[in-house]
Protein chains: 2
Amino acid sequence: MKNASPRPAASQPAQRPAARATNLPSRRPRGLKTRRAILRQAVNIASLEGLEGLSIGKLAATLRISKSGLFAHFGSKEDLQCAVVDQARDIFVEKVIRPAAQLRGLPLLRALCENWLCYGEQKTFPGGCFFSAASLEFDDRPGRVRERIVGLMKKWLGNLEHAARDAQSAGEIRKDVDVRQLAFEIQALAMGGNWSSRLFRDQNAFRSARAAILQRIDQVATPAQSRK
Amino acid sequence: MKNASPRPAASQPAQRPAARATNLPSRRPRGLKTRRAILRQAVNIASLEGLEGLSIGKLAATLRISKSGLFAHFGSKEDLQCAVVDQARDIFVEKVIRPAAQLRGLPLLRALCENWLCYGEQKTFPGGCFFSAASLEFDDRPGRVRERIVGLMKKWLGNLEHAARDAQSAGEIRKDVDVRQLAFEIQALAMGGNWSSRLFRDQNAFRSARAAILQRIDQVATPAQSRK
DNA sequence: GAGATAATAGCACGACCGTTCGTTCTATTA
DNA sequence: TAATAGAACGAACGGTCGTGCTATTATCTC
């Protein structure tokens, strides 16, 4: 009870404890394990229902733990949402970025695109690309969650752009190509594949996206590099 | 949401009153005017908060009418959502499709693209393209709303495809072009512009989308038709 | 005018939301 | 063995949600 009115005689007037959990990130193994199990489930639900539609009560119910027990791991819904975004980022990095980590230039760019398409195709998240959904859901909601998503998306586009620029330096992509524009187009086409796949339950959606992206890359590649 | 169980213990056994309003579409002018005012506001809120985040209470409050008074116009939230989708469709048709109605072939295709980009650029909806948001929000929610959105998006893609096919017949677009694929790419690039514009508050987003689309069209156009 | 009917308001409901609280269980540590 | 701290619990809070009933008001027809 933190109502101000029915408390005429109390020793503490106006202290703000706010989120009292997870400031010390709970070194004990039990809590960490539970937290991981929560996030594993939460990221799946959030990809289907959205980050706002992800409710603490339902999440706790599917995990068969109490709502308050779950809540204590995060301290606020916003913290939970941030943690879910981080979890999704980890999965994305694992599936898309890390497998191509040793490549550079055009091969890196090609691998990032192909990995993204596989990440979408293989239903890494049951509700489709987590970030496509989250970034459209939160593009009008100021706060930490939005900032986190914006940061991640900028970083991802930056990765594409950087790979393309390296490819340019290596003579694999023509010098007159706007690599920023190229990254934008690749991202748009990939997300378009996700969109079509989800909305129309279209099996060929990612095939279309792949064809478009490969064609675009071939266009900008120098003659020696095109056609794989 | 999936309510469907607001009837725990009552005298009525299993009758389905469902939507008791708006079956007869209320010929009287007063109700229609109010209904239009509701939808005009609702479509703006929904573009910002989503169709599920659009709440009847808040909508009524911003219109300064009672919740139940508003509710009576629709009979259920799902009906309201459907009406909002229809309203958004009307606005879309007015802004994007009708101004190009007298064109055919490649000029029609170009006009549809340009009108779409203007529709996005000019903030026709305060939350960005209504259908980009709605189709990603409802791609996992079965029901009438989803079906409506799917139908509209198919129709829109069909419009693009049909214009491209006409252009092919007229010799404006090369015969070897997959017009379905072309429509997909245009739509993906346009939605990518909307995405970048919303998420990054990027003024140049639609410029990038326009450049990509124009370039793509020039690629498929026969030599006589390219460069405008 | 009176009466019918459409439009709106008032009010209450059950469900669920995020959040807080005090308590209990459990495992490590002194 | 006793003390301690983390983890999980159950109950409850104030709010808001969609929805349903009932009463009031406005408009139109006679």
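A note on names: the letters A, B, ... follow the listed sequences, proteins ahead of strands, and every chain is numbered from 1.
Legend: residues meeting salt bridge (Lys or Arg N to Asp or Glu O under 4.0 Å) with B/Glu114, ordered by chain and number and at least two apart, are B/Arg210.
Counting all heavy atoms, side chain and backbone alike, B/Ala100 lies closest to B/Ala111 at CB-CB, 3.8 Å.
In this structure, the nucleotide among C/dT8, D/dC17, C/dG18 sitting nearest to the side chain of A/Lys77 is C/dG18. For B/Ile65, the listed nucleotide lying nearest its side chain is C/dA9; candidates were D/dG18, C/dA9, C/dG18.
Looking at B/Ser135 and A/Trp195, their side chains do bring a donor and an acceptor atom within 3.5 Å of each other.
One interatomic measurement links the two molecules: CG of B/Leu63 to P of C/dA7, which rounds to 17 Å at whole-angstrom precision. Residue A/Phe74 contributes atom CZ, which lies 11 Å from atom P of D/dA8 at whole-angstrom precision. In this entry the distance linking CZ of A/Phe71 with C1' of D/dA7 reads 15 Å, nearest Å. Look at CD1 on A/Ile56: it is 15 Å from C1' on D/dA8, rounded to the nearest Å. Atom C1' of nucleotide D/dT16 and atom CD of B/Glu52 are separated by 14 Å, given to the nearest angstrom. Protein atom CG of A/Leu80 is 13 Å distant from nucleotide atom P of C/dC17, rounded to whole Å. Rounded to an integer number of Å, the gap from A/Asp79 CG to C/dG18 C1' is 13 Å. A straight line from CD1 of A/Ile38 to P of D/dA8 spans 7 Å, rounded to a whole angstrom.
Using a 4.0 Å heavy-atom criterion, one finds that B/Leu59 contacts no nucleic acid atom at all. A/Ser66 comes within contact range of at least one nucleobase, with a heavy-atom separation under 4.0 Å. Contacts of B/Ser68 with the nucleic acid, taken as non-hydrogen atoms under 4.0 Å apart, include base atoms. Contact annotation for A/Lys67: base contact, defined as any heavy-atom pair under 4.0 Å involving a base atom. If you check every strand for non-hydrogen atoms under 4.0 Å, A/Leu54 touches sugar and phosphate atoms only.
In this structure, the side chains of B/Tyr119 and B/Phe206 stay at 4.5 Å or more apart for every pair of heavy atoms. Considering only heavy atoms from C-beta on, A/Thr124 stays 4.5 Å or farther from A/Phe130 through its side chain.
Between D/dA8 and A/Thr34, a contact under 4.0 Å exists linking OP1 or OP2 to a side-chain N or O. Contact between the side-chain N/O atoms of B/His73 and the OP1/OP2 oxygens of C/dT8 is found at a separation under 4.0 Å.
The bend of the helix from C/dG1-D/dC30 to C/dA30-D/dT1, defined by the angle between the axes of its first five and last five pairs, stands at 10° to the nearest 10°.
Taking the centre of each ring, B/Phe92 and B/Trp156 come in below the 6.0 Å mark.
Just one residue in the list A/Glu52, A/Arg148, A/Arg144, A/Arg146 forms a side-chain hydrogen bond (donor to acceptor under 3.5 Å, both in side chains) with A/Gln81, and that residue is A/Glu52.
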